[in-house]
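Each remark here refers to the structure printed beneath this line.
Just so it is clear, the model here is predicted, and its values are computed rather than measured. Remember, it's 1-based here, ligands and their atoms both numbered in the order they're listed.
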Amino acid sequence: MTKILVINCGSSSIKYKLFSMPGETLLSKGLIEHVGEQGSHIHDHYTGLKIILDKVDSVCAVGHRVVHGAEKFKKPVLVSKAVINEIKKCCDIAPLHNPANLAGILACNKLLPGTKQAAIFDTAFHQSLPDYAYIYGLPFEYYKKSGIRKYGFHGTSHAYVAIEAARILKKPLKNLKIITCHLGNGCSITAVDKGKSVDTSMGFTPLEGLIMGTRCGDIDPALVTYIMRTKNIDAHSLENILNKDSGLKGISGISNDMRSLEAKARKGNKRAGLAIKIFVYRIRKYIGAYTAVMGGCDALVFTAGIGENQKGVREDICRGLFFYLKNTPRVLVVPTNEELMIARQTYDLVNKKGKRS
Ligand code: ADP
């Protein structure tokens, strides 16, 4: 039995799961909160990870979730000095996530010297996008010199549920066209053709694409400067509004939580109903687009909080959706398990196995 510890360091939290591999048994899991917050006794990620490592023993390798790997990381890698430097470079384009992910890696380096660590990137699965899907209609030097392009996120989740869908359908992934909908607080949708991500709704940052709990998703880019000018707010304040006060929360004026919105809409609250309609409409547009991109769709997969639990939303999304297709896609609900996917990839790296599919 090989014990793989999976670590997901956020800015103020650390989630962990311990797996026994290759059997994929979950041995333990936990969450440390209030990391680095005022008044908390957990001053930093090092202190938090020390608490976790006191609870687990005989860890063979650690797999870390890292949000942004830019174009440098197209697949999971074992951590080295060079890898740490490259992850540092990505902090500029993922300032809310990568510094915390890196803090977790550095802490484990100190706490578990000699234990192999792997970095598993949210962006890696989408590195298979063709250039015509990831380059924006901006001056080309922005891409060439500054790396401004679509990267996409939630890659580990999209990859996991696509693999699961193929298993459920008893067909090889390489014969399938799958649309995966990760609908949680953050929401994204991916076209997976023959096991590869060929387009995805999130972009340079996770703000692009679908309406989310508190993020706006696609808007007219001219609105950014228009709102700054007319409301007299600076870039930082607007970023906060687009990320934290928009989406379901902004439209409804009630909540970012889809369960509350459904309950309010049932009682006749118009804005809650409108927020759900806009949410559903945007997803339907993307499903139509991605069906066209792949020239068909064999399976539509729902995952994450809303995707797994909210039947009403799923039914609204699917109503009359595929009437123009010769073959109606299978609609599947697949609980995501990003931690297991990270454990598998870490195990494979440690054992130097090739890529699974
Ligand atoms: P996150 O992106 O924070 O991981 P989740 O995947 O937990 O988000 O999804 C949160 C969303 O899922 C919320 O809108 C919530 O209302 C909805 N949801 C519906 N049912 C559940 C459930 N049983 N557990 C968690 N979230 C649920």
Side-chain angles (χ1 to χ4, degrees), residues 6-17 29-35 65-68 94 96-97 100-101 120 122-123 125 152-161 164 180-190 200-203 205-217 242-267 269 271-283 301-318 332-342:
V6 176
I7 296 288
N8 182 356
C9 277
S11 55
S12 64
S13 71
I14 309 173
K15 285 188 213 152
Y16 77 92
K17 280 189 182 174
K29 62 175 187 172
L31 166 70
I32 305 259
E33 289 178 293
H34 310 299
V35 179
R65 175 189 181 214
V66 180
V67 168
H68 218 307
L96 300 178
H97 298 102
N101 306 153
I120 317 297
D122 274 19
T123 47
F125 182 55
F153 299 88
H154 289 148
T156 306
S157 174
H158 288 291
Y160 176 80
V161 298
E164 278 301 288
T180 51
C181 305
H182 179 110
L183 308 178
N185 261 317
C187 299
S188 66
I189 179 165
T190 296
T200 190
S201 59
M202 284 179 167
T205 74
L207 193 53
E208 189 182 343
L210 302 180
I211 299 278
M212 311 182 208
T214 59
R215 294 191 191 119
C216 60
L242 300 179
N243 277 289
K244 297 184 181 155
D245 296 327
S246 300
L248 292 173
K249 181 181 169 200
I251 299 166
S252 69
I254 300 168
S255 169
N256 60 317
D257 191 299
M258 188 57 102
R259 285 169 292 192
S260 324
L261 294 185
E262 276 199 326
K264 291 272 184 195
R266 268 197 299 274
K267 288 187 183 145
N269 185 301
R271 266 175 59 191
L274 179 64
I276 298 171
K277 261 194 189 157
I278 297 172
F279 179 85
V280 165
Y281 179 71
R282 180 79 52 91
I283 294 168
V301 183
F302 288 102
T303 194
I306 300 172
E308 290 170 31
N309 300 294
Q310 287 183 277
K311 192 165 170 265
V313 175
R314 288 199 305 267
E315 283 171 358
D316 286 350
I317 293 169
C318 292
L332 303 172
V333 177
V334 178
T336 192
N337 196 340
E338 289 155 285
E339 295 84 2
L340 176 57
M341 190 73 187
I342 292 174

With the threshold set at under 4.0 angstrom, would you say Gly186 reaches ligand 1 through any of its heavy atoms? yes
Which protein heavy atom lies closest to atom 14 (O) of ligand 1, and at what distance to 0.1 Å? Met258 N, 3.0 Å
For Arg215 and Gly186, which heavy atoms make the closest approach, and how far apart are they? NH1-CA, 4.0 Å
Any luck finding a side-chain donor-acceptor pair between His158 and Ser188 under 3.5 Å? yes
Nearest neighbour of atom 25 (C) of ligand 1 from the list Glu308, Arg259, Met212, on a heavy-atom basis: Arg259
Taking Ile251's backbone N and O only, do any of them form a donor-acceptor pair with Arg271's side chain (distance below 3.5 Å, no angle check)? yes
What is the ring orientation for His182 with His154, classed by angle as parallel under 30°, tilted 30 to 60°, or perpendicular over 60°? parallel
List the atom of Val6, the atom of Glu339, and the distance in Å for their closest heavy-atom pair. CG2-O, 3.5 Å
If only atom types and distance count, is the side chain of Asn243 paired as donor or acceptor with the main-chain N or O of Thr214 below 3.5 Å? no
Numbered atoms and elements of ligand 1 in range of Ile306, under 4.0 angstrom, heavy atoms: 11 (C), 12 (O), 14 (O), 17 (C)
Contact check: Leu183 vs ligand 1, nitrogen or oxygen atoms, below 3.5 angstrom: no
Answer yes or no: does an N/O atom from Asn185 fall short of 3.5 Å to an N/O atom of ligand 1? yes
Would you mind checking which non-hydrogen protein atom is closest to atom 17 (C) of ligand 1, with the distance to 0.1 Å? Gln310 OE1, 3.4 Å
Write down the atom of Gly184, the atom of Ile306, and the distance for their closest heavy-atom approach. O-CD1, 3.6 Å
Within the protein, is there a heavy atom lying under 4.0 Å from atom 4 (O) of ligand 1? no
What do you reckon, does Gly305 have a nitrogen or oxygen under 3.5 Å from a nitrogen or oxygen of ligand 1? yes
Short question: side chain of Thr336, backbone of Thr303 - any donor-acceptor pair under 3.5 Å? no
Protein heavy-atom partner closest to atom 21 (C) of ligand 1 - residue, atom, separation in Å: Asn309 ND2, 3.3 Å
Only heavy atoms of Asp257, strictly under 4.0 Å: list the atoms of ligand 1 that pass. 14 (O), 15 (C), 16 (O)
